[in-house]
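We count residues from 1, following the sequence as given. If you're wondering where the values come from, they're calculated on a predicted model, not measured in any experiment. Indexing begins at 1, ligand by ligand and atom by atom, following the structure's order.
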Amino acid sequence: MLELRHVTVRYGAVRAVQDLSLTVPERSIVSIIGSNGAGKSTTLRAISGLVRPSGGEIWFDGQRIDRLDPKAIVARGIAHVPEGRRVFPDLTVEENLRIGAYLRQDKSAVNRDFEQICGEFPRLAERRRQLARTLSGGEQQMLAIGRAVMSSPRLILMDEPSMGLSPIMVSAMTQVIQRINETGRTVLLVEQNANVALSICDSAVVLERGSVVLTGSGAELRNNEHVRIAYIGV
Ligand code: ATP
């Protein structure tokens, strides 16, 4: 469904992503793990059109997308949940969710998805008239994910959804990601928390200094000695 072929992204002299190739099959969960500065966020930003690769190609559904602008990429069905709970603090929970659907024309489908998200995230439903700034960190992270789902994407890019969450919220978040996937959506997940990322994915890559150094199923990578020492800490 999504394919990156030899993608390189530079910020001036810094090569943040180097010759990265990655395949994300339809309906799968694929994880990218790596430490700070490995190039994980940059990879997602390249897919969603926020930065332009200096080399390589990105294909989605058989079409090349690495020359499109971010709005055109959203319209093709790719949603990006950026790092750090980027919600609109002075809008209500409901307004934040509905903004996710701003490109959609079919208002009754939008209302249906809104009700479904309220069912999926009861905490957001209870707080739908509250300003987003008054939500806890974990609730804001859920809101950011709910907003992405409101664009009715087929592929969701998630940047460190577990960051800063308590263990209970991390496990709630893991379940939300799995349910989103079960509704037929494909997920590309970036995580520093290798335990989370490898427990829910179909396959994963390890990124170091902008390049893929290991690939495998979640179970294979969890048993890999380098991954255990460097990313799981056992
Ligand atoms: P983290 O988990 O810390 O966010 P990451 O794996 O997501 O790390 P990136 O944010 O993709 O890593 O950064 C990769 C490299 O690119 C880093 O060396 C970073 O300093 C550099 N970089 C990222 N954004 C910019 C920018 N706007 N300008 C210059 N360099 C950048």
Could you go through ligand 1 and list every pair where one of its N or O atoms sits under 3.5 Å from a protein N or O, giving the atom names and the distance to one decimal?
| residue | atom | partner | partner atom | Å |
| --- | --- | --- | --- | --- |
| ligand 1 | 2 (O) | Lys40 | NZ | 3.0 |
| ligand 1 | 2 (O) | Glu160 | OE2 | 3.4 |
| ligand 1 | 2 (O) | Gln192 | NE2 | 3.2 |
| ligand 1 | 3 (O) | Asn36 | ND2 | 2.8 |
| ligand 1 | 3 (O) | Gly37 | N | 3.4 |
| ligand 1 | 4 (O) | Glu83 | OE1 | 3.4 |
| ligand 1 | 6 (O) | Ala38 | N | 3.0 |
| ligand 1 | 6 (O) | Gly39 | N | 2.9 |
| ligand 1 | 6 (O) | Lys40 | N | 2.9 |
| ligand 1 | 6 (O) | Lys40 | NZ | 2.8 |
| ligand 1 | 7 (O) | Ser41 | N | 2.8 |
| ligand 1 | 7 (O) | Ser41 | OG | 2.7 |
| ligand 1 | 8 (O) | Gly37 | N | 2.7 |
| ligand 1 | 11 (O) | Thr42 | N | 2.9 |
| ligand 1 | 11 (O) | Thr42 | OG1 | 2.5 |
| ligand 1 | 12 (O) | Gly39 | N | 3.2 |

Would you call Glu26 and Arg154 a salt bridge, using N to O less than 4.0 angstrom? yes

Got a sec, which residues hit salt bridge (Lys or Arg N to Asp or Glu O under 4.0 Å) with Arg76, two or more places apart in sequence or on another chain? none

Could you tell me whether the side chain of Glu160 and the main chain of Gln192 form a donor-acceptor pair under 3.5 Å? yes

Side-chain atoms of residues 45-53: list all donor-acceptor pairs with protein atoms under 3.5 Å, sequence neighbours left out, distances to 0.1 Å.
| residue | atom | partner | partner atom | Å |
| --- | --- | --- | --- | --- |
| Ser48 | OG | Leu44 | O | 3.2 |
| Ser48 | OG | His80 | ND1 | 2.8 |
| Arg52 | NH2 | Arg67 | O | 3.1 |

Keeping Ser31 on the side-chain end and Ala197 on the backbone end, is there a donor-acceptor pair under 3.5 Å? yes

Residues passing the side chain to side chain contact (heavy atoms under 4.5 Å, CB included) test with Phe88, sequence neighbours excluded, are Leu91, Asn96, Ile99, Arg147

